[in-house]
Structures are given as C-alpha cells and as structure tokens.
Protein chains: 2
Amino acid sequence: MVASSDHEDHLKRDRATRNFVTAEDVARLAGVSRSAVSRTFTPGASVSADVRHRVQEAAKTLGYRVNRLARSLISDQSNLVGVVGANLSLPFMARQLDELSLALLNRGMQCLLLNAAEAEQGITPLIELILEFRVRAIVVMSGSPPSAIIDECVANSVRVILVNRQADDAEADTIISDDLGGARVAAERLLRAGCRRIGVVGSGARTPTQVRRRLAFVEHIEEAGIKSAVWASGETTYETGIEAAKGLLTSHELDGVFCVTDLLALGFLDGAREMGRRVPEDLSVIGFDDIPQSAWASYRLTTVRQSMSDLTGSVLAAIEREMHGKETKLVHEVLPVELVERATVRPMS
Amino acid sequence: MVASSDHEDHLKRDRATRNFVTAEDVARLAGVSRSAVSRTFTPGASVSADVRHRVQEAAKTLGYRVNRLARSLISDQSNLVGVVGANLSLPFMARQLDELSLALLNRGMQCLLLNAAEAEQGITPLIELILEFRVRAIVVMSGSPPSAIIDECVANSVRVILVNRQADDAEADTIISDDLGGARVAAERLLRAGCRRIGVVGSGARTPTQVRRRLAFVEHIEEAGIKSAVWASGETTYETGIEAAKGLLTSHELDGVFCVTDLLALGFLDGAREMGRRVPEDLSVIGFDDIPQSAWASYRLTTVRQSMSDLTGSVLAAIEREMHGKETKLVHEVLPVELVERATVRPMS
DNA sequence: GGAAGCTTTGCACACGTGTGCAAAGCTTGC
DNA sequence: GCAAGCTTTGCACACGTGTGCAAAGCTTCC
C-alpha cells in the first residue's frame with residue numbers, strides 16, 4: 001500500500017511537467033520496459049499476450065496516445081497531406097474539399113488545410129510551410145506554384161498534385177477536367193438550340209480553367225461564323241453573374257449565353273430575369289460545374305458537369321502511386337465532362 | 001577540387017537515404033556545427049552575422065526546411081489545431097471552415113481537418129486520432145463528443161471548443177449563437193406580419209441547434225395561443241425543404257413558416273411556389289443562418305443572421321486564452337443574432 | 001597588454017518514439 | 001533432463017531538432 005502510494009505520486013509529478021502521457025509512463029505503471037510499450041502499439045511487433053494486456057490496461061488508465069510526431073521523425077514522413085485552396089465557401093470548392101478530406105481520412109491520411117485566400121504573393125510560402133510538416137503529398141486546388149517550389153517538393157520526394165491547373169513543365173501531377181471538351185459541348189448545344197447571338201461570361205480572374213473554357217468556347221462559336229460577346233471582369237461570384245447580365249443584355253440582343261462557372265450562370269439567370277428576359281424562350285443559358293444549387297427549382301440550370309468523385313479518385317490514385325527512386329511517373333489526367341440538361345436551354349431546333 | 005568533389009558525393013549519399021535535407025547536411029556544407037544551424041533558424045538565438053549568412057546560403061542551396069515535427073517533439077505540442085466537421089459542402093459549414101482556416105493561418109496555426117461525415121460511432125475516434133498529433137486545440141463544428149474524451153483532452157492540456165453545441169458538464173468551451181433569441185425574433189416577426197396559421201420546419205437530425213430553434217419557436221408561438229404545425233424529418237438539405245413544403249402545405253393552410261436553417265427555407269420556398277403559393281402574399285417564410293444563397297434574387301429570404309466573423313473571432317479567442325495550470329477558465333459565449341429583412345415575409349400588419 | 005564584460009560556439013543532453021540485435025526465456029521433441 | 005529452435009525482451013542507438021552551459025572568442029576600457 002505504501003509502495004503503491006509512492007508510485008502514484010511519482011506518476012503525478014511526471015505528468016505535471018509534460019502535457020501528454022508518454023510510453024515511459026505506461027511502462028512504469030505496467031511494470032515492463034518502454035520498448036514493450038512501443039511493441040504493443042506497433043502492428044506486427046512481437047509481444048506476449050500477458051505483457052500486451054498489462055500495457056493496454058495501463059495505457060487506458062493513463063489515457064496514453066502514441067505521439068505521431070515522434071513516430072514521423074523516425075520514418076521522415078507523416079501521413080499528412082497538404083491541401084491548398086482558396087474561396088472555400090464557393091459551392092464547387094466546398095464540395096471538392098468535402099469529398100477530398102473524407103477520402104483522405106478513409107485512406108489513413110490526414111488533411112492539413114492551408115487557406116490561400118490571402119496568398120497575394122502566390123502560394124510558394126504556403127507550400128514551404130507545408131514542407132516543414134514533412135507531408136506525403138500536396139494537393140493544390142487554388143493557385144499556381146512556380147516550378148522552383150515544385151522541384152523542391154519532388155527533390156524531397158513529396159508529390160505535388162495540381163487540380164484543374166497545368167504544370168508548366170514542372171514535375172507535378174495534374175488532374176484536369178476536360179474544359180475544352182466541355183466548352184465545345186456547350187457551344188454545340190447552344191447552336192443546336194438555334195442560338196445565333198451568343199455571349200460568354202467569365203470573370204476577371206486569371207484562373208486557368210476559366211480562361212481555357214472561355215477561349216475554347218469563343219473559338220468553337222467562331223467556327224460557326226459567329227462572333228461572341230465577351231464578359232471577363234469582376235470576381236468569380238454570383239454577383240458578377242448579375243453584373244454580366246446587366247452589362248451584356250443592355251448592349252446586346254443575345255439569345256444564348258455560356259457562363260464558365262455555374263455560380264456566374266445563376267447570377268446571370270437572376271439578372272436576366274430581372275431585366276424581363278424569359279429563360280429559355282428569349283435566352284438560353286449554360287453553366288459549367290454542376291454545383292448543387294444548379295439543380296434547385298428556381299434555377300434548373302443546364303450545365304456541363306465535372307464529376308467530383310472522378311476528381312477525388314484521381315487525386316488519391318496520384319498520391320498513392322509509388323515513386324521509383326528519382327524517376328517519377330507523372331500523372332496527367334483529363335477527366336471527361338458531360339452535359340446535364342435541365343431547363344435553361346431551348347430544345348433542339 | 002578533389003576535396004570538393006568528395007564533399008559533394010558525401011552529400012548525395014546522405015540525401016539518398018533520407019528524403020529531406022537535415023540541419024546536419026547544412027552544417028557540413030556551411031562548415032559550422034549543427035547547433036549553429038539550429039540557432040540560425042531559431043528567432044532570438046545568438047549567432048554571428050557571418051555564420052548566419054553561410055548557413056542561410058547553404059540552406060538555400062540544399063533546399064533545407066526545418067522539421068516541424070522534430071521541433072514539436074521538444075515543445076510537446078505542435079501548432080496544429082484539429083477541426084472536426086461534417087457536411088462541409090453545406091453553405092453554412094463551408095463558410096465557417098473557410099473563415100476559420102484562414103484566421104488560424106493568420107495566427108500562425110495550422111488546420112488539421114477531420115471530416116466527420118462517416119463518423120457513425122460518434123467523433124470520439126477522430127478526437128483520439130487528433131490527440132496523437134499533439135494538437136493545441138480541437139474545434140468541433142459537427143458531432144457531440146462525450147465527456148470522457150473531452151476530459152482526456154483537458155488532462156492533456158488540449159482545449160476543446162464546441163461550436164453551436166452544448167458541453168453537457170464537460171470542460172469544453174462553447175460558442176453558440178443565440179438560437180433561442182433568434183427563434184423568438186422569427187416568431188415575433190411572423191406574428192407581427194399577421195400570420196395565424198404557423199408552421200415550423202426542422203429535420204430528422206438531432207443536431208442541438210436545430211432542435212433548440214424548433215422547440216423555442218414552437219414555445220413562443222404557443223404563448224400567442226397558436227399551435228404550430230411541425231415538420232421534423234429527413235436530412236438537413238434543400239430537398240427536405242421541398243418535401244416539407246409538399247407535406248405541410250397539403251395538409252395545412254399555413255400563412256407563416258419558420259425554417260430552422262436557410263437551406264431548408266430555400267427548398268421550402270421552391271416547393272411552396274411549385275404548389276402555387278405566392279410568397280409573401282399567401283405565405284411568409286423565415287430562415288436562420290443567412291447563407292449567401294439567401295440573398296440571391298430568386299429567393300431574397302428574410303432570415304435570422306448569425307455573424308460568422310463573431311463566431312470565428314470567439315473561437316480564436318478561446319484557443320488563445322491561457323490555461324492556468326489545471327484550473328481552466330472556460331468560455332461559454334452566446335453570440336447575438338439579428339433579423340435580416342428581405343422579401344419573404346409580409347410587412348407588419 | 002591585460003582585465004572585465006559581453007557574445008558566440010559546440011558539446012551533450014533532452015524530447016518520444018521504433019528497431020536491430022544479443023541475451024533471456026519458453027516450447028517442443030527425443 | 002537436455003538440446004534445438006522459436007519467441008520475447010530490454011538495451012542502446014537512431015530519427016532531427018532546441019537548449020543549458022562551459023569554453024572559446026571578441027570587444028572595450030584602463
């Protein structure tokens with residue numbers, strides 16, 4: 001009894017100096033070596049049933065949790081995956097992050113989220129910060145990291161996966177939706193609806209996907225001998241969609257409009273309706289993304305869909321693809337898109 | 001030249017066995033001790049200008065990044081903050097995560113995101129996992145952790161901050177919007193609009209905020225001698241809002257409805273309009289949250305707003321509040337809400 | 001030039017874990 | 001009971017950093 005009491009006091013003193021219970025604390029209570037504790041918590045390691053039980057009881061009593069930081073020190077890598085994104089409230093981004101973070105967790109990886117909303121000097125500092133955590137991979141959903149920082153990641157055996165942006169000769173994996181194909185589908189659908197006075201709505205953002213979609217659409221429409229009216233200013237918001245409607249529909253008599261994102265399209269729809277345009281009778285509208293709100297009864301937007309689960313699946317595959325020494329097999333994947341017909345485009349003419 | 005060549009080969013061999021450049025590698029190239037490298041990268045530590053320069057050049061040449069995991073081992077704590085959330089695509093949650101992750105980053109903390117979408121056995125396993133990363137604090141946006149795991153966090157000096165949920169006698173900080181006050185405001189607004197046949201739309205979720213809002217609203221309406229028609233099934237989605245409209249408006253001749261979230265309200269609006277109800281002429285509708293979509297021209301939802309920046313600010317304040325030994329000063333904060341008048345409720349009668 | 005005071009430096013240890021390996025212990029078969 | 005083979009164990013080291021402290025170095029003043 002007296003020995004036991006001294007024993008407990010000793011434990012309390014150790015806890016006071018450090019926040020977390022250590023394997024040493026557990027070993028003492030269980031009456032085994034610290035090594036036995038380690039082996040008990042290491043899958044596949046050799047430990048007798050008796051020792052295992054005593055260790056587990058002691059660990060439970062003390063509330064012991066393995067220190068993943070210390071573990072990662074040994075392997076020189078954590079199971080953290082850095083995820084860089086901005087505009088996380090936007091429906092498309094939010095859904096991407098939702099699905100990616102869940103998929104990572106299900107694969108035993110943890111999501112270290114870096115919000116790039118205020119990364120005015122580019123995302124290089126964020127990536128440098130992420131590297132300090134010895135992440136396994138970095139998924140870039142927003143921003144375009146320069147080659148130099150990507151090369152540094154690769155030198156440290158950290159995969160960089162760019163989502164919906166190009167790599168510019170750097171050794172990054174890229175997973176892109178077929179923006180060109182989607183723009184073509186949208187162009188053809190408007191032409192098939194009989195539209196001849198056509199507009200395209202982008203934003204002021206130099207986001208590669210948006211620029212690609214806009215330019216490809218304009219090109220396809222020009223192949224039909226039609227010159228598109230272009231809106232390309234403002235932020236990528238619903239409000240910009242409204243402004244675009246006010247701006248384009250005041251100076252043009254349009255009968256068909258392609259918006260490079262659904263959010264722009266929903267704003268455009270509301271703006272057009274406020275100006276008395278009937279959709280799709282007077283004006284057809286197509287978006288791109290297929291965010292949840294596009295299916296809402298007040299909108300029923302016809303849009304080009306990029307499959308979120310394909311995207312997430314490809315990101316995971318890229319993360320888990322083995323790196324063979326210094327020679328990296330890069331992934332450059334273009335995901336198919338498809339037209340989702342709802343109510344904002346006239347039937348074929 | 002020969003010595004230099006041997007020196008480079010030696011570096012290459014070291015890099016081949018480990019992924020990341022270490023302080024040892026830098027020290028060798030700079031011709032100083034490893035301790036000098038450490039001091040160069042430790043703010044406030046003593047190091048001569050010459051040594052600092054040589055170390056920085058060597059670090060730049062080799063692409064050295066401090067290992068935060070090793071650093072955290074010394075301090076027994078990382079600057080990681082665990083954030084537990086589910087339904088991250090929902091407008092309100094997405095916005096909360098967007099603002100919180102940015103605020104954390106601006107305060108030198110990193111967001112370890114755990115998606116609780118598939119946490120069927122509760123979020124205890126997720127919190128246990130987070131503890132292994134020696135986080136500084138845990139912010140719970142979804143799920144209600146039992147007292148036991150909260151107590152364990154506190155025993156390890158890890159703050160637990162519950163957002164929009166109660167603590168049930170556990171030592172967690174809580175930050176809650178004034179659901180009761182908001183429900184009262186909504187009830188009074190409908191009554192002032194002359195509504196006498198009143199409904200309330202919740203969901204099947206046992207989410208504390210939703211249950212609180214619904215019950216408080218029903219109570220306030222009963223104080224006016226009116227019995228509310230209640231909908232409380234399905235998930236917390238736009239689609240459930242539509243179902244609620246179909247269900248309630250078929251069996252009740254309502255002139256006023258309070259939906260416990262904006263998303264439910266937007267679905268309810270679309271459902272009611274599809275059934276030929278004019279809003280606000282035939283039927284007034286109030287939501288709660290003030291998500292971005294509520295301001296869209298197709299909806300212009302009158303709603304009760306909870307301020308996201310107040311919420312984020314309070315979470316940060318709670319994280320940064322000092323813990324004094326074992327006696328924790330808990331935060332229990334109730335954030336004010338306010339009515340946002342738009343177009344879905346009749347003027348005062 | 002020497003003494004006093006200040007700055008800088010490298011050594012050796014800490015932090016908490018996993019693991020190679022020799023030693024100890026256990027089990028099985030003769 | 002002993003030998004052979006297998007399992008388990010604890011020691012000591014590794015991983016990559018920060019830091020206390022004694023020693024070395026530098027600067028200033030008389």
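Residue numbers begin at 1 in each chain, while the letters A, B, ... track the order of the sequences. All values below come from the heavy atoms of this structure, side chains included, with hydrogens, waters and symmetry mates left out.
Between Phe133(B) atom CZ and dT17(C) atom P the separation is 14 Å, expressed in whole Å. Protein atom CZ of Phe41(A) is 15 Å distant from nucleotide atom P of dT19(C), rounded to whole Å. The interatomic distance linking Arg39(A) (CZ) with dC21(C) (P) rounds to 15 Å, in whole Å. Rounded to an integer number of Å, the gap from CG of Asp50(A) to P of dG25(C) is 15 Å. Summarising the geometry, the separation between CZ on Phe20(A) and P on dT17(C) is reported as 11 Å, rounded to the nearest angstrom. Nucleotide dG18(C) holds its C1' atom 14 Å from the CD atom of Glu24(A), rounded to whole Å. One atom, CG of Asn67(A), and another, P of dG18(C), lie 9 Å apart when rounded to the nearest Å.
Contact of Arg68(B) with dG16(D) (side chain to base): no donor-acceptor pair of N or O atoms is detected under 3.5 Å. For Ser33(A) and dG10(D), a side-chain-to-base donor-acceptor distance below 3.5 Å is absent, hydrogens and geometry of angles not being considered. For Arg134(B) and dG16(C), a side-chain-to-base donor-acceptor distance below 3.5 Å is absent, hydrogens and geometry of angles not being considered.
Between Arg71(B) and Ser75(B), the side chains place no donor N or O within less than 3.5 Å of an acceptor N or O (distance only, hydrogens not considered). Inspection of the Glu132(B) and Asn67(A) side chains reveals no N or O donor paired with an N or O acceptor under 3.5 Å. If you check the side chains of Arg52(B) and Ser48(B), you find no donor sitting under 3.5 Å from an acceptor.
Residue Ala36(A) has its side chain nearest to dG10(D) when only dG10(D), dG18(C), dG18(D) are considered. Between dT17(D), dT9(D), dT17(C), one nucleotide has an atom nearer to the side chain of Ser46(A) than all others, and that is dT9(D). Minimum atom distance to the side chain of Ala70(A) is reached by dT17(C), of the listed dT17(D), dT9(C), dT17(C). Comparing dG16(C), dA12(C), dG10(D) by their closest approach to the side chain of Arg34(B) singles out dA12(C). The side chain of Thr42(A) sits closest to dG18(C) out of dT17(C), dT19(D), dG18(C). Closest to the Arg71(B) side chain, of the nucleotides dG18(D), dT19(C), dC15(D), is dG18(D). Among the nucleotides dT17(C), dT19(D), dT17(D), the one closest to any side-chain atom of Ile74(A) is dT17(C). When distances are taken from the side chain of Ala23(A) to each of dT8(D), dG10(D), dT17(C), the shortest belongs to dT17(C). Listed nucleotides: dC11(C), dC11(D), dT17(C). Nearest to the side chain of Ser35(A): dC11(D). Candidate nucleotides dT9(C), dG16(C), dG10(D) were compared by shortest atom distance to the side chain of Leu73(A), and dG16(C) ranks first.
Residues Ala137(A) and Ile161(A) share a closest heavy-atom pair of CB-CD1, 4.3 Å. Annotation for Val139(A) and Leu100(A): closest pair CG1-CD2, 3.9 Å, computed over non-hydrogen atoms. When all heavy atoms of Val160(A) and Leu162(A) are compared, the closest pair comes out as CG1-CD2, 3.8 Å. In terms of heavy-atom proximity, Gly122(B) sits nearest to Pro125(B) at O-CD, 3.5 Å.
Between Ser38(B) and dG18(D), a side-chain N or O to OP1/OP2 separation shorter than 4.0 Å is present. Residue Ser48(B) has a polar side-chain atom (N or O) positioned under 4.0 Å from OP1 or OP2 of dT9(C).
You'll find the ring centres of Phe41(B) and Tyr64(B) inside the 6.0 Å limit.
Taken residue by residue, residues 125-132 of chain B places no heavy atom nearer than 4.0 Å to DNA chain C.
Within the 4.0 angstrom heavy-atom criterion, no nucleotide atom of any strand lies near Val37(A).
Judged by distance alone, with hydrogens and angles left aside, the side-chain atoms of Asp173(A) form a donor-acceptor pair with the main-chain N or O of Val331(A) at under 3.5 Å. The main-chain N or O of Asp98(A) is found under 3.5 Å from a side-chain atom of Ser101(A) such that the two form a donor-acceptor pair.
For the helix from dG1(C)-dC30(D) to dC30(C)-dG1(D), the rotation axes defined at the first and last 5 base pairs enclose an angle of 30°, given to the nearest 10°.
Checked for salt-bridge contact, Asp25(B) and Arg28(B) meet the test: a charged N lies under 4.0 Å from a carboxylate O.
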